[in-house]
Amino acid sequence: MRLATWNVNSLKARLSRVEEWLAYARPDVVCLQETKLSDAAFPHLAFSALGYESVHHGNGRWNGVAILSRVGVDDVVPGFAEGVEADTDTRVLTARCGGVSVTSVYVPNGRSLDDEHYRYKLDWLAKLREHLAVVASPAEEVAVCGDFNVAPEDRDVWDPGAFAGSTHVSPPEREALAALGSWGLSDGFRACYPHEDQLYSYWDYRSGDFHEHRGMRIDLVLLSEPLESRVKWSLVDRNARKGKQPSDHAPVLVDLDYRADRSQGARS
DNA sequence: ATGGTAGAGCATCTA
């Protein structure tokens, strides 16, 4: 099974790039973020033409998350689960795809450490853990994929010195991310590249950051142990960050060994 | 010199 996550920075502006990418990457399950669409405007038909069922949770203004799947979509939970304080934004969506509990997340940016949005970010990450405890168990096959707006380690940003006192690297954010780890999730991409640095998934549009390799690794595929043990290969597809009208994020994909006894036709 | 670019949408806000 091939899992992928991609912050597309407006699906309306990016649809042709996403269609092109799906046609050659052929992921089984894709989590999208920053669709910036209402549910009514989501292009289900464009994805069904490529063999994907799709679900979306958006408000039409900012954020907005989706899941595309070639292996089924069931048990859809838009937003935080019942029992968790509701979100004011549309940043999380969970569904069961081919036996895997899949959650697409777009963690708040935080803006700056003294901004109230930073407190919202920390609270949001705490609620994400509550949400996962309701909808899934770490003993099951769980994938939480998306734009976490947190670089797990200093080596995940191009210059740690440039981020001193900024969001995305602060200890409280990293502790909130680590709390997801202690619940039972680990970094499926990093598992394939334990010693390699300068691996990024996001580059600011400004100042030629992409071509100067000034990036951050903030798009993550977090996996429970039953999936982590099956990780075969992973990649940031930097080609998708090139060319005409790219997103500022590249898609991240993780390949899992196929297990015929559990899947539902993913490799037909 | 708080710059630079992209997207939504029409004045700025978000990133």
Could you pull out all donor-acceptor pairs under 3.5 Å where a side-chain atom in residues 58-66 of chain A meets a protein atom, sequence neighbours excluded?
unit_1, atom_1, unit_2, atom_2, d
A:N59, OD1, A:R61, N, 2.8
A:N59, OD1, A:W62, N, 3.3
A:N63, OD1, A:T90, N, 3.0
A:N63, OD1, A:T90, OG1, 2.5

With sequence neighbours left out, what residues match A:Y193 under ring pair (Phe, Tyr, Trp, His ring centres under 6.0 Å)?
A:F189
Can you tell me, in whole Å, how much space there is between the P of B:dC13 and that of B:dG9?
15 Å
Sticking with atom C1', work out how far B:dG4 lies from B:dC10, rounded to a whole angstrom.
22 Å
Whole-angstrom distance between B:dT2 and B:dA11, as gauged at atom P:
26 Å
Heavy-atom protein contacts under 4.0 Å, nucleotides 7-15 of chain B, coded B base, S sugar-phosphate only, - none:
SSS----SB
Which whole number of Å gives the distance between the C1' atom of B:dA1 and that of B:dA6?
23 Å
Selection residues 242-255 of chain A - residue pairs positive for salt bridge (Lys or Arg N to Asp or Glu O under 4.0 Å), sequence neighbours left out:
A:R2-A:D255
Just checking, is any N or O donor in the side chain of A:S186 or A:E228 under 3.5 Å from an acceptor N or O on the other one?
yes
Please report, to 0.1 Å, the donor-acceptor pairs under 3.5 Å made by any side chain of residues 44-51 of chain A, with sequence neighbours excluded.
unit_1, atom_1, unit_2, atom_2, d
A:H44, ND1, A:S54, O, 3.3
A:H44, ND1, A:S54, OG, 2.7
A:S48, OG, A:L45, O, 2.9

Holding to ring pair (Phe, Tyr, Trp, His ring centres under 6.0 Å), I want the full list of residues that pass it with A:H57, two or more places apart in sequence or in another chain.
none
